Chemist: 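Pasting a structure below so you can have a look.
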Protein chains: 2
Amino acid sequence: MPRAGLDPEAVVRLALAVVDDGGPTGYADLTLAAIAARAGVAVPSLYKHVAGLPALRRAVAQRCIEQLADALEETAEGRQGADALVALAWTMRRFAHDHPGRYAATQTELLGVPEEATELQTAATRSVVVVARAVGELDVPADRHVDAVRAVRSAVHGFVVLEAAGGFGMPDDLEVSFDYLVRGLVGALASTSASQRS
Amino acid sequence: MPRAGLDPEAVVRLALAVVDDGGPTGYADLTLAAIAARAGVAVPSLYKHVAGLPALRRAVAQRCIEQLADALEETAEGRQGADALVALAWTMRRFAHDHPGRYAATQTELLGVPEEATELQTAATRSVVVVARAVGELDVPADRHVDAVRAVRSAVHGFVVLEAAGGFGMPDDLEVSFDYLVRGLVGALASTSASQRS
DNA sequence: CAGAGTTGGCTAATGGCATTAGCTTTCTGG
DNA sequence: CCAGAAAGCTAATGCCATTAGCCAACTCTG
């Protein structure tokens, strides 16, 4: 019987395929058995390439986080301030639509033992930095900068998560609602200049 | 050997205890084995009272969704408009802090087969209605009402989720950031009166 | 108060999953 | 060509959910 020619990279790629095929719950349903089946290999064979399911999940999450960061950085390219922020928001939402399983992967796995989660944390930082730069180009006071970045991330992430979870029951157009959210948010940030610290 | 005196209600209550003891991942880690251990009963005995793990999870989620709705309704009592909205946001966050496992339960389980998810959907509607009423007391144009409610839910939920997931790396005070988010949001809604439909 | 029937518990068995151990086969480098 | 590393395999273990079938304990009625 010929060999399958697996290696750690190939296993992660197969795992991503499983995630992609699983829709919004693809990451939650990620299983060594599914990967092995797709690879045409017995389950224990995978242990020659990965340390176990938790480690594999972390590797998959890392890829997804980095892919999202790539998309965000590319979006920010050549844009500034409010313009960039709006575009970033839409990129995030598009990513979640195009790769629901991968988006779910970026959410989970953030907490956990410091030794294991550190690489994920730093990978996630890239996305935050992109948003932070755009926020920095608005006239938000310096001592509000972190708050503003958190506000943007919260609003966009919250919308995307609720949308993915089917949390919006009304039939009204979600594109319009998202546009409203993003516009209102960016507008609110722009007018924080003369704000007071609580 | 005396009987344990279980019934469906008792099983759900034990399940909630397991969820509460499990911290943020308490709901994800909810298991029949854990419930049975806590009840001092063999695992299959639980099937005399519940249809299976998925049904139990749904029942637990329902409780949590209703508990949150209760808290929100109580908060809205005697408050109006922006005031109510701010209070509701803080209640949601407090609920997530006080019962992280239960808050997680309110997130999941929303999608799923229509026949099974319907009761959850309607339970979740109660919370949305409370928010919608408060938004209605602001001077948001009628055709923006749904968008505004979605914005509020997104922002608050997003913040709470990111916070719970450890997604905010900066050491800056989260209370302050949440205050900033909520204030900015409500402010933005209030000034939407003369807005344009995209 | 007795016994029938219902009900709630049990053990045993099955199947899916992850993981470990240990064996065998294939590739590769000298 | 052949020795050893690498990559696959089967077997076994353990945890979980679920189903089947058994038995004991309540309950209710005559």
Side-chain angles (χ1 to χ4, degrees), chain A residues 1-19 21-23 25-62 101 104-105 108-109 112-113 115-117, chain B residues 1-19 21-23 25-62 101 104-105 108-109 112-113 115-117:
Chain A
M1 47 202 69
R3 289 198 178 178
L6 290 181
D7 59 43
E9 173 58 29
V11 174
V12 171
R13 246 183 291 113
L14 286 166
L16 285 169
V18 172
V19 169
D21 285 2
T25 66
Y27 184 69
D29 298 343
L30 181 60
T31 195
L32 288 184
I35 300 167
R38 188 175 285 256
V41 133
V43 175
S45 304
L46 297 175
Y47 284 81
K48 287 288 150 85
H49 309 291
V50 298
L53 185 58
L56 210 222
R57 291 178 85 81
R58 249 175 282 125
V60 168
Q62 176 116 15
T108 340
E109 250 34 73
V113 209
E115 310 95 64
E116 267 103 31
Chain B
M1 48 202 72
R3 290 197 179 178
L6 290 181
D7 58 45
E9 172 59 28
V11 174
V12 171
R13 244 183 294 113
L14 286 166
L16 285 169
V18 172
V19 169
D21 285 3
T25 66
Y27 184 70
D29 298 344
L30 181 60
T31 193
L32 289 184
I35 300 168
R38 190 175 285 256
V41 135
V43 176
S45 304
L46 298 175
Y47 285 81
K48 288 287 154 83
H49 309 290
V50 298
L53 185 58
L56 210 223
R57 292 179 83 82
R58 249 176 281 124
V60 168
Q62 175 115 15
T108 339
E109 258 19 82
V113 210
E115 310 95 63
E116 266 103 31

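Computation of the quantities below employed the complete heavy-atom set of this structure, encompassing side-chain atoms and omitting hydrogens, waters and symmetry-equivalent molecules. Owing to the predicted nature of the structure, the values given are computational and were not obtained by experimental measurement. Numbered from 1 within each chain, the chains take letters A, B, ... in sequence-line order.
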Chemist: Taking only the side-chain heavy atoms of A:P44 (C-beta and beyond), determine which of D:dA17, C:dA18, D:dT10 contains the nearest atom.
Modeler: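 From the listed options, D:dT10 comes nearest.
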Chemist: For B:R57, which residues count as a salt bridge (Lys or Arg N to Asp or Glu O under 4.0 Å) partner, sequence neighbours excluded?
Modeler: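 Only B:E109 meet the salt bridge (Lys or Arg N to Asp or Glu O under 4.0 Å) criterion with B:R57.
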Chemist: Which residue, B:L53 or B:K48, contacts DNA chain D at a nucleotide closer to its 5' end, judged by nearest heavy atom?
Modeler: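 The residue closer to the strand's 5' end, by nearest nucleotide, is B:L53.
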Chemist: With a 4.0 Å limit, can you tell me whether B:H49 has a side-chain N or O closer than that to the phosphate oxygens OP1/OP2 of C:dG9?
Modeler: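 Yes, such a contact exists.
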Chemist: With respect to the phosphate group of C:dG16, does any side-chain polar atom (N or O) of A:T31 fall under 4.0 Å of OP1 or OP2?
Modeler: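 Indeed not, no polar side-chain atom of A:T31 lies that close.
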Chemist: How close or far is atom C1' of C:dC27 from atom CG of A:D7, stated in whole angstroms?
Modeler: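 A:D7 atom CG is separated from C:dC27 atom C1' by 15 Å.
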Chemist: Can you check the B:L6 CG to D:dA25 P distance for me, whole Å?
Modeler: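 After rounding, the gap between these two atoms is 16 Å.
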Chemist: Hey, which of these two, A:V41 or B:A34, hits DNA chain D nearer its 5' end, going by closest nucleotide?
Modeler: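 The residue closer to the strand's 5' end, by nearest nucleotide, is A:V41.
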Chemist: Round to the nearest Å and state the distance from B:Y47 atom OH to C:dC10 atom P.
Modeler: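 Interatomic distance, OH of B:Y47 to P of C:dC10: 14 Å.
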Chemist: If you look at every heavy atom in B:V18 and B:R38, which pair is closest and at what distance?
Modeler: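 Where B:V18 meets B:R38 most closely, the heavy atoms are CG2-NE, 3.5 Å.
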Chemist: What is the distance, to the nearest angstrom, from the CG atom on B:L56 to the C1' atom on D:dA17?
Modeler: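 One finds 12 Å between C1' of D:dA17 and CG of B:L56, rounded.
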Chemist: For A:A39 and A:L14, which heavy atoms make the closest approach, and how far apart are they?
Modeler: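 Heavy atoms only, the tightest pair is CB-CD1, 3.5 Å.
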Chemist: Describe the nucleic acid contact of A:V43 in one word from base, sugar-phosphate, nothing, applying a heavy-atom distance below 4.0 Å.
Modeler: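 Base, at least one base heavy atom under 4.0 Å.
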Chemist: Where the side chain of B:L32 is defined as all heavy atoms beyond and including C-beta, which of C:dC17, D:dT18, D:dG8 is the nearest nucleotide?
Modeler: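 The listed nucleotide nearest to B:L32's side chain is D:dT18.
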Chemist: Rounded to the nearest Å, what distance is computed from the CG atom of residue A:L46 to the C1' atom of nucleotide C:dA18?
Modeler: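 Whole-Å distance recorded here is 11 Å.
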Chemist: I want to verify a distance call: between D:dC16, C:dG8, D:dC9, whose nearest atom is closest to the A:S45 side chain?
Modeler: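 Selected nucleotide (nearest to the side chain): D:dC9.
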Chemist: Counting the atoms with a prime plus P, OP1 and OP2 as sugar-phosphate, which does A:A42 contact under 4.0 Å by heavy atoms, base, sugar-phosphate, or nothing?
Modeler: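 Here A:A42 touches the bases of the nucleic acid.
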Chemist: Using the test salt bridge (Lys or Arg N to Asp or Glu O under 4.0 Å), find all partners of A:D7 that sit at least two apart in sequence or belong to another chain.
Modeler: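 None.
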Chemist: Does A:I35 reach the side chain of A:T31, with side-chain heavy atoms less than 4.5 Å apart?
Modeler: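 No, every pair of side-chain atoms sits at 4.5 Å or beyond.
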